[in-house]
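Note that this is a predicted model, so its numbers are computed, not measured.
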Amino acid sequence: MDEKPSTRKVPEFCSLRYGLALIMHFSNFTVITQRVSLSIAIIAMVNSTQQPGLFNASTERPLAFTLNRSNRSTKEFTSGASVYEWSPETQGIIFSSISYGIILTLIPSGYLAGIFGAKQMLGAGLLISSLLTLFTPLAADFGVILVIVIRTVQGMAQGMAWTGQFTIWAKWAPPLERSKLTSIAGSGAAFGSFIILCVGGLISQTLGWPFIFYIFGSIGCVCCLLWFMVIYDDPMHHPCISVREKNHIMSSLAQQSSSPRRSVPIKAMVRCLPLWAIFTGFFSHFWLCTIIITYLPTYISSVLHVNIRDSGVLSSLPFIAASSCTILGGQLADFLLSRNLLRLITVRKLFSSLGLLLPSLCAVALPFVASSYTTTIILLILIPGTSNLCDSGFIINTLDVAPRYASFLMGISRGFGLIAGIISSTATGFLISQDSVSGWRNVFFLAAAVNMFGLVFYLTFGQAEIQHWAKERTLSRL
C-alpha cells in the first residue's frame with residue numbers, strides 16, 4: 001500500500017531506469033539482427049544457379065573489385081560478392097551452430113553475472129558478437145569450418161548477452177514496474193526481427209550481402225559504447241541517478257535480499273514445482289515461436305505463392321505486432337498491479353494464458369483458411385503478437401519467485417526454450433517433407449497441443465511468492 005504514492009511522485013518515462021530499458025532494447029535489437037543476418041545473406045551467398053565448383057570456392061569476382069566499379073548496374077554490383085557452394089546440409093549446420101553456442105553459455109553466464117556483475121558480462125558478450133559479425137564475410141572466404149566456429153562462438157557470446165539482463169532488473173526494477181521495464185527491453189528482439197527482414201534483402205540487393213554484416217556489426221559496436229557508459233549493475237553506484245529515484249528503487253526492493261551469494265540451492269530448485277511451471281511455459285512458448293521465426297517465409301511462399309521480395313515484407317509484419325504487444329502488455333500488467341485490481345499471481349497467469357491460448361487458436365485455424373489470403377496474413381500477424389503477452393507472464397516470473405537467482409534461472413529457462421526450438425524445427429521439417437498440406441496442419445496442431453500442456457501445467461503449479469530457498473536466511477544451510 002505504501003508503494004502507491006511513491007510510484008506517483010517519482011517520474012517514470014523520464015527516469016534513468018527507463019533509459020536503461022531503452023539501452024537494453026537497443027542491445028536486444030542488435031543481438032537478434034546479428035543472429036538473423038546470415039539467414040538473409042545466405043540467399044545471396046549460396047547461388048544455386050552457379051556451376052558446380054570446389055567446395056566453398058568463390059564463383060564470382062571479389063567484393064573489393066566490385067567496389068571499384070561504381071558504374072555497374074545493381075545486379076552486376078550485387079553479383080560481385082563471393083558465392084559459395086554450400087549444400088543444404090552444410091547450411092543447416094551453419095544455422096544450428098549459433099543455437100548450440102547459446103546453449104553452452106546460458107546457465108554459466110547467468111550464474112557468473114550474478115557474482116561478477118551483469119554489466120561486464122553482457123557488455124563483453126555484445127562486443128564479441130558484434131566483432132564476429134564484422135568478420136563473418138572474411139571467414140566465409142577462408143572456409144565453411146571457420147564460419148561454423150565463428151557462429152558457435154557468437155552464439156556463446158549472445159548467450160552471455162541474453163541472460164544477465166535479469167540480474168540487472170533484479171536490482172533496478174521496482175516490483176510494480178517490472179512488466180513495463182522488461183517488456184520495453186525485450187521488445188527490441190521483435191523489433192530487430194522486423195527491421196532485418198525488411199531491410200536485409202534490400203541491403204543485399206543494393207550494396208551486396210557482406211554489408212548486411214558490416215552494417216549490423218557496426219551498430220552493435222555503437223551499442224557497446226552506450227552500454228558501458230550508461231549501464232551500471234545497481235542504482236547505488238550509478239553517478240547520474242537522482243537521489244529521489246535511488247531512494248524509490250531501494251525502498252521498493254527493501255524486502256528482497258541483495259547480499260552476494262556464492263552457492264546455488266540446486267536441490268531445492270529441482271524440487272520446486274513453480275520453477276518447473278516456468279520452464280514448461282518457456283518450452284511451450286519457444287516451440288511455436290521458433291516455427292514462426294524459422295518457417296514463416298517458407299509458409300508464405302509455399303502456401304500463399306508469394307514472390308521472394310513480398311514474402312520478406314510480409315514475414316516482417318508479425319514482428320512489429322509482437323514488439324507492440326510486448327510493450328502494451330507490460331503497460332497493462334503493471335497498471336493492473338499498481339491499481340490493486342488483480343493480485344500478482346493472477347496477472348502472471350492471465351497474461352500467460354493469453355500468450356499461450358490465443359496463438360494456439362490462431363495456429364489451429366490457419367490450415368482451414370489457407371484459401372483466404374487476407375485471413376491467413378491476419379492470423380500469421382496475430383500469432384507472434386499475442387504470443388508475446390507471455391512476457392508479462394511466466395517470462396518474468398523468476399523475478400517474483402527467486403529474484404536473487406533470476407539471471408541463473410533465466411539461463412535455464414531459455415535453455416528449455418532452445419531445446420524446444422531445436423525439436424520443433426526438426427519436427428516441422430520432417431512433417432512438411434512428407435506432405436505439404438497435411439504436414440502444415442499437423443505442425444500447427446502439434447504446436448497448439450504443446451502450448452496447451454504448458455498452459456495447464458503453469459496454471460496448476462505457477463506461483464508468484466518468493467520461495468523459501470531463495471531467501472537470505474537459507475543460505476547458511478547450503
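- The aromatic ring centroids of W276 and F416 lie less than 6.0 Å from each other.
- Considering T136, I196, I32 in turn, I196 is the only one that fulfils the side-chain contact (heavy atoms from CB on, under 4.5 Å) rule with S37.
- Cation-pi contact between K119 and Y232: present, with separation from the ring centre below 6.0 Å and deviation from the ring axis of at most 45°.
- Side-chain atoms of Q34 come within 3.5 Å of backbone atoms of F216 as a donor-acceptor pair (strictly under, hydrogens ignored).
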Item to check | ring pair (Phe, Tyr, Trp, His ring centres under 6.0 Å) between F283 and F279, worked out | outcome: CA-CA 6 Å; F283 186 91; F279 299 154; over 10 Å; no

Item to check | Working for side-chain contact (heavy atoms from CB on, under 4.5 Å), residues L226 and M229 | outcome: CA-CA 5 Å; L226 291 175; M229 287 190 301; 4.2 Å; yes

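- Shown here is Y100, whose OH atom has no more than 12 heavy atoms of other residues, nucleotides or ligands within 6.0 Å.
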Next on the checklist: side-chain contact (heavy atoms from CB on, under 4.5 Å) for E245 and M250? Distances and angles first, verdict last.
Outcome noted: CA-CA 9 Å; E245 182 179 6; M250 300 308 296; over 6 Å; no

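- The aromatic rings of F29 and F191 lie tilted to each other, with the angle between the two planes from 30° to 60°.
- With 3.5 Å as the limit, one finds no donor-acceptor pair spanning the side chains of N388 and D391.
- We find that D400 and R348 are joined by a salt bridge, their nearest charged nitrogen and carboxylate oxygen being less than 4.0 Å apart.
- Taking the side chain as every heavy atom from C-beta outward, T280 and Y458 never approach each other to under 4.5 Å.
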